[in-house]
Peer 1: 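Next up is a structure, given as structure tokens.
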Amino acid sequence: MPSALEQLLLPAECLLCHGLLGTGGTGRDADRIVCPVCRHRWRPVRPPWCERCGQPEPHFGPCRLCAAWPTALRTARSAVWLAEGAREAVHALKYGGLPRIADDLAGAMDATAPRLGADAASVLVPIPLAPRRLRQRGYNQSEWLAEALGRRWRMPVARNLLSRVRETATQTALTPETRLANVAGAFAAERGVGRLTPGRRPGVSRDSTFILVDDVFTTGATLAEAARALEQAGARTVLGVTFGRAVIPDFT
Ligand SMILES: [Zn+2]
Ligand SMILES: [Zn+2]
């Protein structure tokens, strides 16, 4: 729920198109700061896709995108294509400084929710920012997204499980291989995942399902490297969810 102060300071207009927000929203919709028109412009990522990485087919031969992923990383799914509309939403999440936008993005991510067994303890793990970038921005947008998903999906969020141990160059090269090399060794997980008791629910162990949360999936290199760090710490099952998926030019 937004604070009274935030309500007061925020105009009743859509953060993206500045159209007036209706006042008739109910439940979760009442807190939205992106209007339905803008949300309808977000184009869902749909199957057929590679069952593992969620990249749409056609593929010829083995999937090039996820072939080198660590074993623990079972699936990755994204809600919408990073195209017109969604790109502005991600920009607002990263630079707008308004936590409520994360609820709007999380609201579009229900289709990416993993189907877990009733007894499966699962925990959301935001992709950490490099310390320098965190200082510049003041917040980690993936953490906001994970917290919004945690409220929606009723899952705990492990904020400090992963850390960036190496600054990485801004990812401009677009081949999956280059990106993997760029983020190699970028993350470290707390030693011994089994000792971790994050969030509201105790008992998260190496048998838990670790759900990595990031704003955008480009080639999956970041998710793969974060999953590798979790795997090295003992995690056996890692999933990845993102709001946006970038279109990779010339990828087949
Ligand atoms: Zn709008
Ligand atoms: Zn794949």
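We're numbering straight along the sequence, starting at 1.
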Peer 1: Please report the closest heavy-atom contact between Phe243 and Leu105, naming both atoms and the distance.
Peer 2: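 Looking at all heavy atoms of both residues, the shortest contact is CD1-O, 3.6 Å.
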Peer 1: Can you list everything that forms a side chain to side chain contact (heavy atoms under 4.5 Å, CB included) with Pro70? Sequence neighbours excluded, please.
Peer 2: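 Result, side chain to side chain contact (heavy atoms under 4.5 Å, CB included) vs Pro70: Leu73, Ala224, Ala227, Arg228, Glu231.
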Peer 1: For residues 82-99, tabulate all N or O donor-acceptor pairs below 3.5 Å that involve a side-chain atom, not counting sequence neighbours.
Peer 2:
| residue | atom | partner | partner atom | Å |
| --- | --- | --- | --- | --- |
| Glu84 | OE2 | Arg41 | NH2 | 3.1 |
| Arg87 | NH2 | Leu82 | O | 3.1 |
| Glu88 | OE1 | Gly85 | N | 2.6 |

Peer 1: Between Leu223 and Ala76, what is the shortest heavy-atom contact and its length?
Peer 2: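 Result for this residue pair: CD1-CB, 4.0 Å.
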Peer 1: Could you work out, with side-chain hydrogen bond (donor to acceptor under 3.5 Å, both in side chains) as the rule, every residue matching Ser142, not counting sequence neighbours?
Peer 2: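 Partners of Ser142 by the side-chain hydrogen bond (donor to acceptor under 3.5 Å, both in side chains) criterion, ordered by chain and then number, come out as Asp214.
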Peer 1: Is a side-chain donor or acceptor of Ser163 paired with a backbone partner of Val165 at a separation under 3.5 angstrom?
Peer 2: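 No, the answer is negative, given that no donor and acceptor are paired below the 3.5 Å cut-off.
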Peer 1: Would you say Thr242 and Ser78 are linked by a side-chain donor-acceptor pair, where the criterion is simply a distance under 3.5 Å?
Peer 2: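 Yes - a donor-acceptor pair under 3.5 Å links their side chains.
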Peer 1: List the steps and the verdict of side chain to side chain contact (heavy atoms under 4.5 Å, CB included) for Val241 and Phe217.
Peer 2: CA-CA 8 Å; Val241 295; Phe217 178 112; over 6 Å; no
Peer 1: Tell me, with the steps shown, if Arg245 and Trp81 meet side chain to side chain contact (heavy atoms under 4.5 Å, CB included).
Peer 2: CA-CA 5 Å; Arg245 181 162 300 222; Trp81 287 109; 3.8 Å; yes
Peer 1: Run the salt bridge (Lys or Arg N to Asp or Glu O under 4.0 Å) test against Glu147 and tell me which residues pass, sequence neighbours left out.
Peer 2: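 Here the qualifying residues are Arg159.
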Peer 1: Could you give the distance from CZ (Phe187) to CD (Gln232), rounded to the nearest 0.5 Å?
Peer 2: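 With rounding to 0.5 Å, CZ (Phe187) is 12.5 Å from CD (Gln232).
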Peer 1: Nearest heavy-atom pair of Ala79 and Ala108: which atoms, and what distance?
Peer 2: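 Nearest heavy atoms, Ala79 then Ala108: CB-O, 3.3 Å.
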Peer 1: To the nearest 0.5 Å, what is the distance between CD on Gln141 and CD1 on Ile127?
Peer 2: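 Result: 10.5 Å between the selected atoms.
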Peer 1: Looking at CD1 of Ile33 and CD1 of Ile101, how far apart are the two atoms once the value is rounded to the nearest 0.5 Å?
Peer 2: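 Here the rounded value is 4.5 Å.
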Peer 1: Looking only at heavy atoms, what is the nearest atom pair of Pro156 and Ser122, with distance?
Peer 2: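 So the two residues come closest at CD-O, 3.3 Å.
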Peer 1: Applying side chain to side chain contact (heavy atoms under 4.5 Å, CB included), name anything that partners Leu134, two or more places apart in sequence or on another chain.
Peer 2: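 If we apply the side chain to side chain contact (heavy atoms under 4.5 Å, CB included) test to Leu134, skipping adjacent residues, the hits are Leu129, Asn140.
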Peer 1: For the CD atom of Gln55 and the OG1 atom of Thr219, what is their distance to the nearest 0.5 Å?
Peer 2: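 It is 9.5 Å, given to the nearest 0.5 Å.
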Peer 1: What distance do Thr237 atom OG1 and Leu230 atom CG have between them, rounded to the nearest 0.5 Å?
Peer 2: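 Reported value, rounded in 0.5 Å steps: 11.0 Å.
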Peer 1: Do any pairs count as a ring-ring contact (aromatic ring centres under 6.0 Å, His included) and have a residue in residues 124-143, sequence neighbours left out, and if so which ones?
Peer 2: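 Those involving residues 124-143 are Tyr139-Trp144.
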Peer 1: I need the full list of salt bridge (charged side-chain N to carboxylate O under 4.0 Å, His left out) pairs touching residues 42-53, with sequence neighbours left out, sorted by first then second residue.
Peer 2: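 Sorted result for residues 42-53: Glu51-Arg77.
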Peer 1: Listed by chain and number, what are the side chain to side chain contact (heavy atoms under 4.5 Å, CB included) partners of Ala148, not counting sequence neighbours?
Peer 2: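 So Ala148 forms a side chain to side chain contact (heavy atoms under 4.5 Å, CB included) with Ala102, Asp103, Ala106, Arg151.
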Peer 1: Checking Val37 now: which residues fulfil side chain to side chain contact (heavy atoms under 4.5 Å, CB included) with it, not counting sequence neighbours?
Peer 2: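 Partners of Val37 under the side chain to side chain contact (heavy atoms under 4.5 Å, CB included) test: Cys35.
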Peer 1: Give me the atom names and distance for the closest heavy-atom approach of Ile211 to Pro114.
Peer 2: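 Taking Ile211 first and Pro114 second, the nearest heavy atoms are CD1-CG, 3.6 Å.
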Peer 1: Please give me the minimum heavy-atom distance between Val45 and Val80, naming the atom from each residue.
Peer 2: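 Taking every non-hydrogen atom into account, CG2-C, 3.6 Å.
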Peer 1: Taking Arg39 for the side chain and Val34 for the main chain, is one N or O donor matched with an acceptor at less than 3.5 Å?
Peer 2: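 Yes.
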Peer 1: Between Val213 and Val157, is the side chain to side chain contact (heavy atoms under 4.5 Å, CB included) condition met? List the steps.
Peer 2: CA-CA 10 Å; Val213 179; Val157 178; over 6 Å; no
Peer 1: Applying side-chain hydrogen bond (donor to acceptor under 3.5 Å, both in side chains), can you list everything that pairs with Asp104, at least two apart in sequence or on another chain?
Peer 2: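 For Asp104 there are no side-chain hydrogen bond (donor to acceptor under 3.5 Å, both in side chains) partners, ignoring immediate neighbours.
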Peer 1: I'd like to check the salt bridge (Lys or Arg N to Asp or Glu O under 4.0 Å) partners of Arg236; sequence neighbours left out, ordered by chain and number.
Peer 2: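 For Arg236 the salt bridge (Lys or Arg N to Asp or Glu O under 4.0 Å) partners, ignoring immediate neighbours, are Asp207.
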Peer 1: Output all residues satisfying side-chain hydrogen bond (donor to acceptor under 3.5 Å, both in side chains) with His18, sequence neighbours left out; order by chain, then residue number.
Peer 2: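 Expected list: Glu13.
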Peer 1: Of Thr112, Thr209, Leu212, Leu124, which is the lone residue that meets side-chain contact (heavy atoms from CB on, under 4.5 Å) with Leu239?
Peer 2: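 The residue from Thr112, Thr209, Leu212, Leu124 that satisfies side-chain contact (heavy atoms from CB on, under 4.5 Å) with Leu239 turns out to be Thr209.
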